[in-house]
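Accompanying notes for the structure given below.
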Amino acid sequence: MGVLPVPAEVRAILLDIEGTTTPIAFVQETLFPYIKDNVKEYLRAHWEEEECQRDVGLLRKQAQEDSSLDGAVPIPLESGSGEEELERVIQAVVDNVHWQMSLDRKTTALKQLQGHMWRAAYATGLVKGEIFEDVVPAIRKWREAGMKVYIYSSGSVEAQKLLFGYSTEGDILELFDGHFDTKIGPKVESESYRRIAASIGCATNNILFLTDVPREANAAEEADTHVAVVIRPGNAGLTDDEKSYYSLISSFTELFLPSST
Ligand SMILES: CSCCC(=O)C(=O)COP(=O)(O)O
Ligand SMILES: [Mg+2]
């Protein structure tokens, strides 16, 4: 087992979810198929609700921005009433969601809808958020040492709270001091890490960001945030350059806090 000393100036640990706290397989083989299989039925059942209409509005706006992309799927406005017209628009939303998911896009519009759809899957016990076994004990230790702990995922804050609120370890939301999603900015842009630091009320170099994705680590580092790349079973491989450049950990237990005994 390796040991990675945490710089003394670090006051907060910022955690990615997929590939860091949680197996990629859980997201790709459980959460995402649930959306693909249920989106049409969900839209039919919730179409008249304000939240659903807000989600569709966001998806429509995103579709307009995406109109020049290969394979993009537009979402028309409902013109008139009637079952057939409703089905036409719903089918366009379904096709748009499937298209975005085929590219694993991280748009806020897609992530908002996904978060709302997973509510029922978690609440009925169909799905439980999977978490690597080292995660909870390590976070407890960090918190005892006075560290603040935050989540930053492309998954919406609502989706994050469901995953940790209905997890294989029970409701562990109390372990986190806050949550960030793409509303603060994309994970591959350094400005997002400056905004997160401002929101936490610290300097960017008071934060250590743990992620499986080198592009995200690179963006955080550009903002002067400390980073470590997490290697978990099922994660994408790293290049030799990435392996030698980044601090790597394969378990949260490898982080060594200055005050740890
Ligand atoms: C928060 S649960 C769903 C995860 C998700 O939708 C996703 O895109 C994962 O992105 P991450 O930034 O956690 O790698
Ligand atoms: Mg990730």
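We number each residue from 1, following the sequence as shown.
- Residues passing the side chain to side chain contact (heavy atoms under 4.5 Å, CB included) test with Glu144: none are found, sequence neighbours excluded.
- Remark: Asn206 engages Glu9, Arg11, Cys202, Ala203 in a side chain to side chain contact (heavy atoms under 4.5 Å, CB included) (not counting sequence neighbours).
- We find the CD1-CG distance between Ile249 and Leu255 to be 4.5 Å, quoted to the nearest 0.5 Å.
- Remark: side-chain polar atoms of Thr168 are paired, donor with acceptor, to backbone N or O of Gly129 under 3.5 angstrom.
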*Run the salt bridge (charged side-chain N to carboxylate O under 4.0 Å, His left out) check on Lys161 and Glu158 step by step: do they pass?*
CA-CA 5 Å; Lys161 289 184 175 172; Glu158 181 152 11; over 6 Å; no
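- To the nearest 0.5 Å, atom CD of residue Glu222 and atom OG1 of residue Thr204 are 12.0 Å apart.
- Residues satisfying the side chain to side chain contact (heavy atoms under 4.5 Å, CB included) criterion with Thr107, sequence neighbours excluded, are Gln62, Gln100, Arg105, Ala109, Leu110.
- Note: the hydrophobic cluster containing Val97 also contains Trp118 (ILVMFWY, side chain heavy atoms under 4.5 Å, direct or indirect links).
- Grouping the Ile, Leu, Val, Met, Phe, Trp and Tyr side chains by contacts below 4.5 angstrom, directly or via other members, places Val136 with Phe164.
- Salt bridge Arg232/Glu18: absent, no basic N to carboxylate O contact under 4.0 Å.
- For the 3.5 Å distance criterion, the side chains of Gln114 and Lys111 qualify, holding a donor opposite an acceptor.
- The side-chain heavy atoms of Val3 and Glu254, taken from C-beta on, include no pair separated by under 4.5 Å.
- Here Ile207 contributes atom CD1 and Tyr193 contributes atom OH; the two are 10.0 Å apart, rounded to the nearest 0.5 Å.
- Here Cys52 contributes atom SG and Met117 contributes atom CE; the two are 9.5 Å apart, rounded to the nearest 0.5 Å.
- Between Val89 and Glu78, the shortest heavy-atom distance links the atoms CG2-CG, 3.6 Å.
- Under the 3.5 Å distance criterion, the side-chain polar atoms of Ser244 are matched with a main-chain donor or acceptor of Asp241.
- Note: Phe252 and Phe132 fail the aromatic proximity criterion, with ring centroids not under 6.0 Å apart.
- Residue Ser156 comes nearest to Gly115 through the heavy atom pair OG-CA, 3.8 Å, listed as atom of the first residue, atom of the second, then distance.
- If you check the side chains of Thr20 and Thr211, you find no donor sitting under 3.5 Å from an acceptor.
- The nearest pair of heavy atoms linking Ala63 to Val73 is CB-O, 3.6 Å.
- Considering every non-hydrogen atom in both Ser79 and Arg88, the closest pair reads OG-NH2, 4.1 Å.
- Summarising the geometry, atom OG1 belonging to Thr21 is positioned 10.0 Å from atom CG belonging to Asp134; distances are rounded to the nearest 0.5 Å.
- Atom CG of Leu238 sits about 6.5 Å away from atom CG of Leu248, to the nearest 0.5 Å.
- When all heavy atoms of Trp47 and Val56 are compared, the closest pair comes out as CZ3-CG2, 3.6 Å.
- Val149 and Ile184 fall into different hydrophobic clusters, where Ile, Leu, Val, Met, Phe, Trp and Tyr residues are linked whenever their side-chain heavy atoms come under 4.5 Å apart, directly or through other members.
- A distance-only check finds a donor-acceptor pair linking the side chain of Gln160 to the backbone of Gly155 [under 3.5 Å].
- A chain of hydrophobic side-chain contacts below 4.5 Å, direct or via other Ile, Leu, Val, Met, Phe, Trp or Tyr residues, connects Val227 to Leu14.
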